[in-house]
Amino acid sequence: ATRSHHLSSHESLFLASSRIRCNSFQFIVGFQKSQVTANLLNGKGSIQNVDLNCSLLNNELLKATEFIQLEKCHVSKLSIHIPWANLRKSAIRVNLEHVDIVLTEPLHYTSEQRQHVQQVTESQLRDMIQDGSLTLRTNSYNLLDKLLDNLEFDIKTITVSFQTIGKFKT
């Protein structure tokens with residue numbers, strides 16, 4: 001006989017946070033425990049001086065565009081505050097102090113690919129949605145959606161550098 005067990009929202013959040021903790025360290029190059037301060041009971045934590053795994057992030061970025069890739073991404077400090085007691089109504093606050101990003105144009109990027117980029121106006125986008133050539137997500141609104149809607153970001157500084165012709169800038 002099979003048993004079905006439905007998770008409470010607290011159990012779901014615990015499992016989600018465990019997954020996030022395990023998976024988030026994949027995004028950090030050379031992670032050390034000394035970089036992290038955390039107090040899970042009050043929902044506060046921070047991590048300092050980390051280089052993000054650009055290879056892993058580029059796999060995600062490739063889903064959006066093949067015309068740029070991350071060469072370097074350094075975060076001096078990332079802190080987060082999760083209001084456990086009022087999670088459905090209060091904002092989850094993410095603070096970034098200094099972020100340095102270097103973007104490059106991939107070596108395989110050619111001028112022929114440039115011609116395949118289509119810019120779409122707002123009215124064209126509406127038409128694409130109406131005629132069904134572009135579909136929007138139709139899943140029901142759930143707790144994760146609510147949490148994502150309540151995210152607040154505060155970024156002190158962000159520096160983005162762009163290098164053309166891949167790593168070999170002339």
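The analysis underlying the following values was restricted to heavy atoms, covering all of them including side chains, and did not include hydrogens, waters or symmetry mates.
- Ser76 meets the side-chain hydrogen bond (donor to acceptor under 3.5 Å, both in side chains) test with no other residue; sequence neighbours excluded.
- Applying the salt bridge (Lys or Arg N to Asp or Glu O under 4.0 Å) test to residues at least two apart or on different chains, the pairs with a partner in residues 89-99 are Arg93-Glu152.
- Using a 4.5 Å heavy-atom threshold, the side chains of Ile92 and Leu151 count as touching.
- Annotation: side-chain contact (heavy atoms from CB on, under 4.5 Å) contacts of Lys72 (sequence neighbours excluded): His74, Val102.
- For Ile68, the side-chain contact (heavy atoms from CB on, under 4.5 Å) partners at least two apart in sequence or on another chain are Leu61, Thr65, Leu103, Phe162.
- Atom OG of Ser123 is separated from atom CE of Met128 by 11.5 Å, given to the nearest 0.5 angstrom.
- In this structure, the side chains of Val160 and Ile158 come closer than 4.5 Å at one or more pairs of heavy atoms.
- The side-chain hydrogen bond (donor to acceptor under 3.5 Å, both in side chains) search around Ser55 returns none, not counting sequence neighbours.
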Side-chain donor-acceptor pairs under 3.5 Å in residues 33-42, sequence neighbours left out?
residue : atom : partner : partner atom : Å
Gln35   : OE1  : Gln32   : N            : 2.7
Gln35   : NE2  : Gln48   : O            : 3.4
Gln35   : NE2  : Asn49   : O            : 2.7
Thr37   : OG1  : Ser46   : OG           : 2.7
Asn39   : OD1  : Leu41   : N            : 3.2
Asn39   : OD1  : Asn42   : N            : 3.3
Asn42   : OD1  : Lys44   : N            : 3.1

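- Remark: Lys77 NZ to His98 NE2 distance equals 10.0 Å, nearest 0.5 Å.
- Legend: residues meeting side-chain contact (heavy atoms from CB on, under 4.5 Å) with Asn95, ordered by chain and number and at least two apart, are Ser79, Asp154.
- What you find for Leu70 and Asn58 is that their closest heavy atoms are N-OD1, 2.6 Å.
- Residues passing the side-chain hydrogen bond (donor to acceptor under 3.5 Å, both in side chains) test with Glu122, sequence neighbours excluded: Arg126.
- Interatomic distance, CG of Leu62 versus CG of Leu57, reported as 12.5 Å (0.5 Å rounding).
- Partners of Cys73 under the side-chain contact (heavy atoms from CB on, under 4.5 Å) rule, at least two apart in sequence or in another chain, are Leu52, Cys54, Val99, Ile101.
- Interatomic distance, CZ of Phe31 versus CG of Asp51, reported as 13.5 Å (0.5 Å rounding).
- Between the CD1 atom of Ile28 and the CD1 atom of Ile47 there is a distance of 3.5 Å, given to the nearest 0.5 Å.
- In this structure, CD1 in Ile80 is found 7.0 Å from CG in Leu78, a value given to the nearest 0.5 Å.
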